[in-house]
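To start, the structure under review is shown below, and the notes come after it.
Letters A, B, ... mirror the listed sequences (proteins, then strands); counts begin at 1. Note that this is a predicted model, so its numbers are computed, not measured.
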Protein chains: 2
Amino acid sequence: MKDDQLISFEQPCPIRDVLDRIGDKWSLLVLHSLSEGTLRFNGLVRNVEDISKQMLSKTLKRLEKDGFIRRTLYAEVPLRVEYELTDIGKSFLKPMAELIRWANANHRDIVLARQQYRLTNSNR
Amino acid sequence: MKDDQLISFEQPCPIRDVLDRIGDKWSLLVLHSLSEGTLRFNGLVRNVEDISKQMLSKTLKRLEKDGFIRRTLYAEVPLRVEYELTDIGKSFLKPMAELIRWANANHRDIVLARQQYRLTNSNR
DNA sequence: CTGTATCCATTGAGATACTG
DNA sequence: CAGTATCTCAATGGATACAG
């Protein structure tokens, strides 16, 4: 596949479709949390900084629906539910790590560019 | 840097900050369009499938503000404006290509997982 | 040619309270 | 323990018309 054909515009566009899932506020953080291993619901609440139970619930459902994670219910008392990455989820860790690495490495430059932009366009 | 420290929760979290910029609907497609070289406004409108002038304008402004692209105005008649990637923008192409490659490679599996999920949970 | 202004519909996200 | 229901607010995105 040639580089200039990386983005396909067939319906639905894969990159658009994938971005719609992981481009939200929490998905990447949840996936990262699960990269170390299985976690329970409240474990994720504690592990993912500042996420509410409600947003975690929604995020987990979407990720499960798209096959990134697997939900296992143990009918015990009290209830136990475990979340873990599927093969799809695990394979996604690699490009995700690249993205995170880039973000960490370049965040400072972006912040500086933003400041410079504000200075240059203070005459708005 | 250890892998489990890839995501920093310092304020502001770099990955959150970067995702907020490129996680929207058009940024990635615009950056990809510019990866081949300089383009003018209407060139981008033609190049980026289905984007409206208004969304292109907003997207370009954000990308410029964050230092991903550079806008050059030529005061001719008629007006000419050129957009091109900055060094930050160019360096971002690498992790972006990884992401796109993954999306293209795994999109089919995601669609299948989604169908399977619907079948399994038809008793909702 | 290169945009901006305005209005509107949809979605994401947070707070709180409640359930099996 | 593991969620859901409801409400509200803010941000995104799209259509159309207008402007320098």
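Between A:Arg16 and B:Asp50 there is no salt bridge, since no side-chain nitrogen of the basic residue lies less than 4.0 Å from a carboxylate oxygen of the acidic one. A salt bridge links B:Arg80 and B:Glu82; the closest N-O separation between the charged side-chain nitrogens and carboxylate oxygens is under 4.0 Å. Between A:Asp24 and A:Arg62, at least one side-chain nitrogen of the basic residue sits less than 4.0 Å from a carboxylate oxygen of the acidic one, meeting the salt-bridge criterion. One finds a salt bridge joining B:Arg70 and B:Glu84 here, because a Lys/Arg side-chain nitrogen approaches an Asp/Glu carboxylate oxygen to under 4.0 Å.
Contact annotation for A:Lys25: backbone-only contact, meaning every heavy-atom pair under 4.0 Å involves sugar-phosphate atoms and none involves a base. B:Tyr83 comes within 4.0 angstrom of sugar-phosphate atoms only, judged by non-hydrogen atoms across all strands, and of no base.
The separation between A:Glu49 atom CD and C:dG14 atom P is 14 Å, rounded to whole Å. Rounded to an integer number of Å, the gap from A:Leu79 CG to C:dG20 P is 13 Å. Atom pair A:Asp24:CG and C:dG14:C1' shows a separation of 15 Å (rounding to whole Å applied). Between A:Asp50 atom CG and C:dA13 atom C1' there is a gap of 13 Å when expressed in whole angstrom units. When the P atom of C:dG12 is taken as reference, atom CZ of B:Arg16 falls 15 Å away, rounded to whole Å. Rounded to a whole Å, the CG atom of B:Asp20 is 12 Å from the C1' atom of C:dG12. A straight line from CE of A:Met55 to C1' of D:dA10 spans 13 Å, rounded to a whole angstrom. Rounded to whole Å, atom C1' of D:dG3 lies 13 Å from atom CD of A:Glu64.
Phosphate proximity of D:dA2 to A:Arg80: absent, as no side-chain N or O sits under 4.0 Å from OP1 or OP2. One finds no side-chain N or O of A:Arg40 lying less than 4.0 angstrom from the OP1 or OP2 phosphate oxygen of D:dC1. Contact between the side-chain N/O atoms of B:Arg71 and the OP1/OP2 oxygens of C:dG3 is found at a separation under 4.0 Å.
Here the side chains of B:Tyr117 and A:Lys61 are in contact, with some heavy-atom distance below 4.5 Å.
The base of C:dG3 sits within donor-acceptor range of the side chain of B:Lys53, with an N or O pair under 3.5 Å. For a distance-only test at 3.5 Å, the side chain of B:Gln54 fails to qualify as a donor-acceptor partner of the base of D:dT12.
Among the nucleotides C:dG3, C:dC1, D:dG13, the one closest to any side-chain atom of B:Asn42 is C:dC1. Of the candidates C:dT2, D:dA2, D:dG13, D:dG13 carries the atom nearest the B:Lys58 side chain, counting heavy atoms from C-beta on. Out of C:dG3, D:dC1, C:dC1, the shortest distance to the side chain of B:Phe41 is found at C:dG3.
Comparing A:Ser57 and A:Pro78 by the nucleotide of DNA chain D whose heavy atom lies nearest to each, the residue mapping closer to the 5' end is A:Pro78.
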